[in-house]
Protein chains: 2
Amino acid sequence: MPAKRHPDHAPLELERFLPYQLSIVSNTVSQAIADDYQARHDLSVTEWRVMAVLARFDGLSAREVAERTAMDKVAVSRALARLVAAGRVRRHIHANDKRRSVLGLTATGWRIHDEVAPMARQRERELLARLAPEEQAWLQQILDKLMPQDVVKS
Amino acid sequence: MPAKRHPDHAPLELERFLPYQLSIVSNTVSQAIADDYQARHDLSVTEWRVMAVLARFDGLSAREVAERTAMDKVAVSRALARLVAAGRVRRHIHANDKRRSVLGLTATGWRIHDEVAPMARQRERELLARLAPEEQAWLQQILDKLMPQDVVKS
DNA sequence: TGCAAATGGTTTCAGTTGAAACCATGATGG
DNA sequence: CCATCATGGTTTCAACTGAAACCATTTGCA
């Protein structure tokens, strides 16, 4: 049952509307990956992002983690609380500034990271496999252009 | 302060990780548009999507709306409750099946739709303006390929 | 110095979310 | 027929979320 059109009202074709398409694709992809490690390690997306950034940049403060993950500081604070409680992240206080924390993965944290990271990369490869190499290159270039500048910095 | 790398652990470079990039771009874009009509019309993203699909397909049931918006039925149910209460959507019961509802925009609903839709399209144009025409075409083709098939049907 | 503003981080509060349970109606098959 | 299963839709519950308020510490500057 195809239903009536209302040409005079120029309704939006959702499935051709870029922001909508982006949101569907993005959510599907992220959820598929998250399902995997969520079940296996009781790890939320935000927690995983925090771990991923601490794996690359040891000794960051919570604020710096928030910057690098494009998450707000409340979310980071909560993710860190859970990660520290689970023994996956170590936190101590900065020597010269008692407000800052100095964060890093524990041995346990590294073990989990080393299991999740290859799996995430594998999922990314599967996703990209649906595109021709040419398309993969374009996608990369396009996303770089669309990325909001305040996330990129340094 | 650039921070140590840990090459032996092959940490994920979040900012080059496709699912992450997609999620940042998608959220930024959707939020920018939503901010606009949220403030002006007290309309959430889910509500707007429901209205957009009802503008194109009059008389759908809630389940069909859920299918076409790729939202789950709980979200649709709640969005509809708000929209009906606000007099933006009319709902009556299907003649031959008392479980189904038959949905459509009211005059008020149309008025809002006709204000929001052009604005959303304008924002989309602004976004696309950051890309070369060639890139726009590639993006469209790529998103079509990445779109999960169960969303596309019919 | 010392006091106001800024900064790092946590907590509170109220709103949103999805999974599962639920209710009503409709279809199916013995 | 009528028991059972499927379907459309809503409600409940617990977890998650972000904005604003908050606390502690540091910085800036009169």
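The structure displayed is predicted, hence computed values, not measured ones. Every chain is numbered from 1, with letters handed out A, B, ... down the list of sequences.
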Residues in side-chain hydrogen bond (donor to acceptor under 3.5 Å, both in side chains) contact with B:Asp72, at least two apart in sequence or another chain:
none

Quick one: do A:Glu115 and A:Arg111 make a salt bridge, cutoff under 4.0 Å?
no

From CZ of B:Arg100 over to P of C:dC23, roughly how many Å is that when rounded to an integer?
23 Å

Does the distance from a Lys or Arg side-chain N to an Asp or Glu carboxylate O, for A:Glu124 and B:Arg16, drop under 4.0 Å?
no

Spacing between B:Glu67 atom CD and D:dG9 atom P, to the nearest angstrom:
11 Å

Sequence neighbours excluded, the answer for side-chain hydrogen bond (donor to acceptor under 3.5 Å, both in side chains) partners of A:Glu135 is B:Gln141, B:Lys145

Whole-Å distance separating the CD atom of A:Gln38 from the P atom of D:dA15
14 Å

Could you verify whether a donor N or O on one side chain and an acceptor N or O on the other, from B:Glu126 and B:Gln122, lie under 3.5 Å apart?
yes

NA contact type, B:Arg82, heavy-atom cut-off 4.0 Å: base, sugar-phosphate, or nothing?
nothing

Taking atom P of C:dT17 as reference, at what distance in whole Å does atom CD of A:Gln31 sit?
15 Å

Side chain to side chain donor-acceptor pair (under 3.5 Å) test vs A:Gln31 passes for just one of A:Asp35, A:Thr28, A:Asn27, namely A:Asp35

May I have the distance from B:Arg63 (atom CZ) to D:dT10 (atom C1'), rounded to whole angstrom?
16 Å

Run the side-chain hydrogen bond (donor to acceptor under 3.5 Å, both in side chains) test against A:Arg130 and tell me which residues pass, sequence neighbours left out.
none

Under 4.0 Å: is that the gap between some side-chain N or O of A:Ser61 and OP1 or OP2 of C:dG8?
no

For A:Ser101 and C:dG9, is the shortest distance between a side-chain N/O and OP1 or OP2 below 4.0 Å?
yes

Provide, to the nearest angstrom, the distance between the CD1 atom belonging to B:Ile93 and the P atom belonging to D:dT10.
10 Å

Readout for nucleotides 17-26 of chain D: B = base within 4.0 Å of protein heavy atom, S = sugar-phosphate only, - = neither; 5' to 3' it is BBBB---BBS

What is the distance from atom OG1 of B:Thr106 to atom CZ of B:Arg88, rounded to the nearest 0.5 Å?
9.0 Å

Residues 73-85 of chain A, side-chain donor-acceptor partners within the protein, below 3.5 Å, at least two apart:
{"residue": "A:Arg82", "atom": "NE", "partner": "A:Glu47", "partner atom": "OE2", "Å": "3.4"}
{"residue": "A:Arg82", "atom": "NH1", "partner": "A:Glu47", "partner atom": "OE2", "Å": "3.2"}
{"residue": "A:Arg82", "atom": "NH2", "partner": "A:Asp42", "partner atom": "OD2", "Å": "3.0"}

Mind grabbing the angle between the end helix axes of the helix from C:dT1-D:dA30 to C:dG30-D:dC1? Five pairs an end, 10° rounding.
10°

Roughly how many Å is it from CE in B:Met71 to C1' in C:dG18, rounded to a whole number?
12 Å

Rounded to the Å, how far apart are A:Glu64 CD and C:dG9 P?
8 Å

